Number of protein chains: 2
Amino acid sequence: MLPVFQYVDSHQEEYVQTLRDWVAVESDSSDVLRRPDCHRMMDMTAEKLQAMGGKVELVDIGVQELPDGKTVALPKVVTAQFGSDPSKQTVCVYGHVDVQPAKLEDGWATEPYNLTDINGNLYGRGASDNKAPVLAWIHTVEVYQALNIDLPVNVKFIIEGMEETGSNGLDAMIVAQRDTFFSDVDYIIISDCGWLSRRPALTYGTRGNCYFFAEVEGPKQDLHSGVYGGTVIEPMTDLIGILGDPSGKILIPGIREAVAPLSDEEWKMYQDIEFDIESFKSKIGVSQLMYSNKVDLLAHRWRYPTVTIHGIEGGFSGPGSKTVIPAKVIAKFSIRQVPNMVPAVVKKQVTDYLNSVFAKRKSPNKLKVTMIIGAKPWLADTKHPLYEAGKAAVKRVFNVEPDLIREGGTIPIAKTFEDVTGKSIIMMPIGGFDDGLHSQKEKMSRYNYIEGTKLFIAYLHEVAHLKKD
Amino acid sequence: MLPVFQYVDSHQEEYVQTLRDWVAVESDSSDVLRRPDCHRMMDMTAEKLQAMGGKVELVDIGVQELPDGKTVALPKVVTAQFGSDPSKQTVCVYGHVDVQPAKLEDGWATEPYNLTDINGNLYGRGASDNKAPVLAWIHTVEVYQALNIDLPVNVKFIIEGMEETGSNGLDAMIVAQRDTFFSDVDYIIISDCGWLSRRPALTYGTRGNCYFFAEVEGPKQDLHSGVYGGTVIEPMTDLIGILGDPSGKILIPGIREAVAPLSDEEWKMYQDIEFDIESFKSKIGVSQLMYSNKVDLLAHRWRYPTVTIHGIEGGFSGPGSKTVIPAKVIAKFSIRQVPNMVPAVVKKQVTDYLNSVFAKRKSPNKLKVTMIIGAKPWLADTKHPLYEAGKAAVKRVFNVEPDLIREGGTIPIAKTFEDVTGKSIIMMPIGGFDDGLHSQKEKMSRYNYIEGTKLFIAYLHEVAHLKKD
């Protein structure tokens with residue numbers, strides 16, 4: 001495959017420019033004011049695939065209901081198809097082109113929506129999560145086309161624009177197209193995660209995520225803290241009161257009990273994984289972690305639930321000072337879930353627990369708990385032929401065995417694909433271990449972008465040799 | 001004084017237009033990006049007073065140091081003088097023309113910087129706090145001038161632009177001008193507060209304010225809560241942990257012990273004050289207050305310390321969801337203080353307490369506690385001739401006895417004026433009890449603005465009859 005790989009190398013600048021054009025679109029799906037950018041991003045994706053001769057559709061998946069009762073159109077889902085030879089395997093690549101919020105003042109060294117190359121690292125929001133991996137798959141098809149080589153498998157794409165806020169509308173669309181778009185799909189490939197170290201990896205599990213808003217509402221408007229302090233029962237005090245034991249442990253009854261026990265086999269797998277705690281610590285800049293040994297650390301990252309309080313909306317969160325008693329404050333927190341937790345059960349457990357803690361305060365304020373995202377965990381069989389093909393492709397491009405890893409984060413759609421289509425899924429990351437997803441200074445290295453493209457090319461070649469199910 | 005009052009009535013629209021022009025300037029002193037507006041506001045104030053023939057100065061009070069070590073110029077202080085007859089009393093009116101932050105999306109019904117008249121209420125940020133009262137004093141001088149009546153007293157003004165963030169630089173300026181600008185001043189008048197009910201009031205005390213930032217810093221940048229949740233000790237967890245007992249009580253040793261005991265006389269005064277708990281509750285929209293009887297409620301509003309957590313900076317505080325572990329979070333909280341608390345002591349008590357609670361957590365994160373405002377409480381003698389003159393002026397304009405009240409909020413400069421100049425101070429509010437200072441929908445009613453101007457005119461007349469000290 002050397003000539004193919006050489007072709008990829010020689011088109012590096014062109015690929016980087018396309019990524020720059022894509023990163024320039026502020027497709028932040030969490031901010032309704034950015035929705036026009038999200039629509040534009042979907043259009044750009046569709047146009048790109050159409051220009052390559054794909055059979056492309058922009059699928060309307062309806063509207064999103066906002067907290068104030070209004071609705072706003074969801075970004076359409078882009079589907080595309082290259083090749084329909086029934087004698088070949090058909091893979092479906094899933095990806096997303098929406099991004100997390102980012103502002104220069106959050107602590108970026110460069111403008112987050114202006115892809116900036118510093119020493120071979122391409123900094124920009126969405127560069128690694130998930131625009132470059134989506135483009136690497138597109139380049140894969142382009143390379144076969146440019147070199148006049150028949151695609152070894154039929155390739156379908158399903159690209160969405162709401163992943164970062166819970167893939168609103170996508171589940172229903174997958175269900176609706178189960179017997180049409182998905183009927184001839186053999187395998188689903190997701191490249192929306194990263195390696196654990198400099199060694200390439202295949203991912204066989206992800207945690208789910210239940211994202212909650214706990215809103216405490218009191219006075220009908222913000223009050224001056226001097227004028228009213230000492231007379232009103234302040235919503236912020238109530239909210240901090242119910243955020244519970246500040247130990248970082250999950251106290252909610254039933255949650256820990258639902259977690260599948262750690263098997264000996266799993267323990268052994270974790271032992272074998274390449275993972276340097278010291279470099280992990282230095283990468284994130286902390287002197288001490290929750291656990292000091294590799295197995296505990298990996299296990300708590302991948303297969304145990306955690307709770308994170310992301311922030312509080314409604315209080316004074318700007319720089320400087322303001323002497324206000326906020327009338328309504330909303331804690332944003334999420335619980336990463338693992339087998340065998342169930343989102344609907346978690347929702348009830350969390351809501352019941354917070355309501356009971358709040359009731360004890362006998363506060364006149366009102367508590368409202370809502371779960372705005374309920375994404376399931378996902379787990380695959382690493383001995384499936386899809387994974388064997390993945391190992392072979394990694395071997396061919398990088399000349400090493402991949403790490404078999406899980407992901408602490410959530411790719412909500414994996415479980416849905418599995419449940420609805422019944423197809424096998426592989427996660428094949430090309431993001432680097434230090435890409436800074438969801439944080440400041442997100443980047444994609446040129447190395448991972450270009451070698452990742454080669455990996456996908458090699459992988460299609462390997463998948464072509466699998467027996468059809 | 002009827003012709004004078006008629007003149008005021010007939011110029012109402014002109015006064016409202018001037019207030020509109022002033023409110024249109026977004027002189028938010030807490031936001032460094034708004035500093036040019038603050039400078040413009042001071043220039044407008046100086047120009048207005050100059051056009052009236054006052055002897056005006058724009059006093060440079062130096063620079064403000066920002067958290068990043070940079071400096072920015074403080075808004076100049078405007079001083080002005082009308083009349084210098086040594087046989088007359090000289091009053092000095094203090095006011096400020098900077099405002100608290102305000103954004104439409106905070107929950108305003110109208111654009112906060114576009115003064116909007118709804119049923120005789122003039123809605124706009126800074127309308128009541130403190131632009132209309134400053135203008136009412138300016139109109140007072142204008143009226144005397146327009147009617148060719150000699151001012152019964154010499155009138156000086158000192159108008160600042162940093163009140164809302166702690167009057168940075170003003171203390172030093174007052175000290176520097178003690179023997180010049182302030183040397184011939186007999187009394188200082190402050191009109192930066194409001195009535196307690198529909199009955200006019202004179203204010204004889206204010207609480208102080210110690211405003212703190214408690215910053216917990218952990219990883220060197222924000223992290224993805226899926227990828228890192230379960231491995232790092234999260235700063236937000238630490239911060240919420242040390243915000244202490246969520247009961248709303250102040251647990252910090254030494255604070256409650258420093259509070260002056262409630263005297264029988266004070267208890268009796270509170271009993272006599274016109275204050276309707278039910279309408280107070282309905283005004284702020286709560287079903288239950290901290291205390292259910294008038295004396296406890298007024299006492300905890302005026303003469304006991306309180307703590308308010310205003311918000312948390314650094315977390316995700318926008319609408320929607322973001323799955324982030326914030327790397328650095330800063331709680332903003334303040335403690336209103338009362339006689340005989342001392343800011344420097346409070347600073348040490350709070351810092352020591354938070355450090356000791358934090359140390360128990362054995363967290364690898366770093367805690368930094370800073371007190372960014374340390375404003376003293378102030379208390380006056382209600383039997384002083386200045387207050388007797390105030391009662392007479394209220395009686396003349398409104399035909400009632402004023403309530404004698406204290407203020408839960410802080411007018412930091414009152415204590416400085418007292419300590420540095422040794423002059424007597426009176427607080428003569430004209431703001432309504434329901435003006436919504438520091439909150440959404442701040443307003444000044446036409447009634448209070450216009451009758452307040454008459455009150456000031458009448459007050460100068462009364463002060464002229466006081467014996468010179």
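On a predicted model such as this, the values are computed, not experimentally measured, just so you know. Proteins come first, then strands; the chains are lettered A, B, ... in the order of their sequence lines, and each starts at number 1. All heavy atoms count here, side chains included; hydrogens, waters and symmetry mates do not.
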Residue part contacting chain B, namely of [X], when any heavy atom lies under 4.5 Å:
X: A:F280; answer: side chain
X: A:L223; answer: both
X: A:L66; answer: neither
X: A:K322; answer: both
X: A:P326; answer: side chain
X: A:S282; answer: backbone
X: A:K366; answer: neither
X: A:Q221; answer: both
X: A:Y211; answer: side chain
X: A:R301; answer: both
X: A:F433; answer: backbone

Which atoms of [X] are under 4.5 Å from chain A, going by heavy atoms: the side chain, the backbone, both sets, or neither?
X: B:S334; answer: side chain
X: B:F333; answer: neither
X: B:I372; answer: side chain

With a 4.0 Å cut-off, would you call B:K332 and B:E313 a salt bridge?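 So B:K332 pairs with B:E313 through a salt bridge.
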When only pairs under 4.5 Å are counted, which of [options] shares the most heavy-atom pairs with chain B?
options: A:G315, A:S317, A:G218; answer: A:S317
options: A:I284, A:T410, A:L289, A:L297; answer: A:I284
options: A:G314, A:S439, A:A299, A:P305; answer: A:S439
options: A:S321, A:G107, A:G408; answer: A:S321
options: A:L437, A:I312, A:V324; answer: A:V324
options: A:E164, A:M236, A:Q288; answer: A:Q288

Verify whether one side chain among [X] and [Y] offers a donor that lies under 3.5 Å from an acceptor in the other.
X: B:E163; Y: B:S29; answer: no
X: B:H310; Y: A:T323; answer: no
X: A:T206; Y: A:R406; answer: no
X: B:Q100; Y: B:S30; answer: no

Which value, rounded to the nearest 0.5 Å, describes the distance between A:F212 atom CZ and A:N209 atom CG?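 Going from CZ on A:F212 over to CG on A:N209, the span is 9.5 Å.
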NZ-CG distance between B:K362 and B:D238, expressed to the nearest 0.5 angstrom: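 CG of B:D238 is found 13.0 Å from NZ of B:K362.
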Member of B:K441, B:K443, B:K283 meeting the salt bridge (charged side-chain N to carboxylate O under 4.0 Å, His left out) criterion with B:D434: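 Result: among B:K441, B:K443, B:K283, B:K443 is the only option passing the salt bridge (charged side-chain N to carboxylate O under 4.0 Å, His left out) with B:D434.
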Keeping the roles fixed (side chain from A:Q440, backbone from A:D106), state whether a donor-acceptor pair exists under 3.5 Å.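 Yes, A:Q440 side chain to A:D106 backbone: donor-acceptor pair under 3.5 Å.
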Is the backbone N or O of A:G432 less than 3.5 Å from a side-chain atom of A:D435, with the two atoms forming a donor-acceptor pair by type?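 Side chain of A:D435 to backbone of A:G432, a donor-acceptor pair under 3.5 Å: yes, one is there.
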Quick check on the 6.0 Å ring-centre criterion: do B:H300 and B:Y304 meet it?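 Yes.
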Quick check: do B:T308 and A:E234 have side-chain heavy atoms less than 4.5 Å from each other?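 A side-chain contact exists here, since the closest heavy-atom pair is under 4.5 Å.
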Is there side-chain contact between B:F358 and B:L354, with heavy atoms separated by less than 4.5 Å?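 A side-chain contact is absent here, since even the closest heavy-atom pair is not under 4.5 Å.
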So which residue, B:D222, B:T306, B:D296, B:V329, ends up with the most heavy-atom pairs under 4.5 Å with chain A?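 Of the options given, most contacts go to B:D222.
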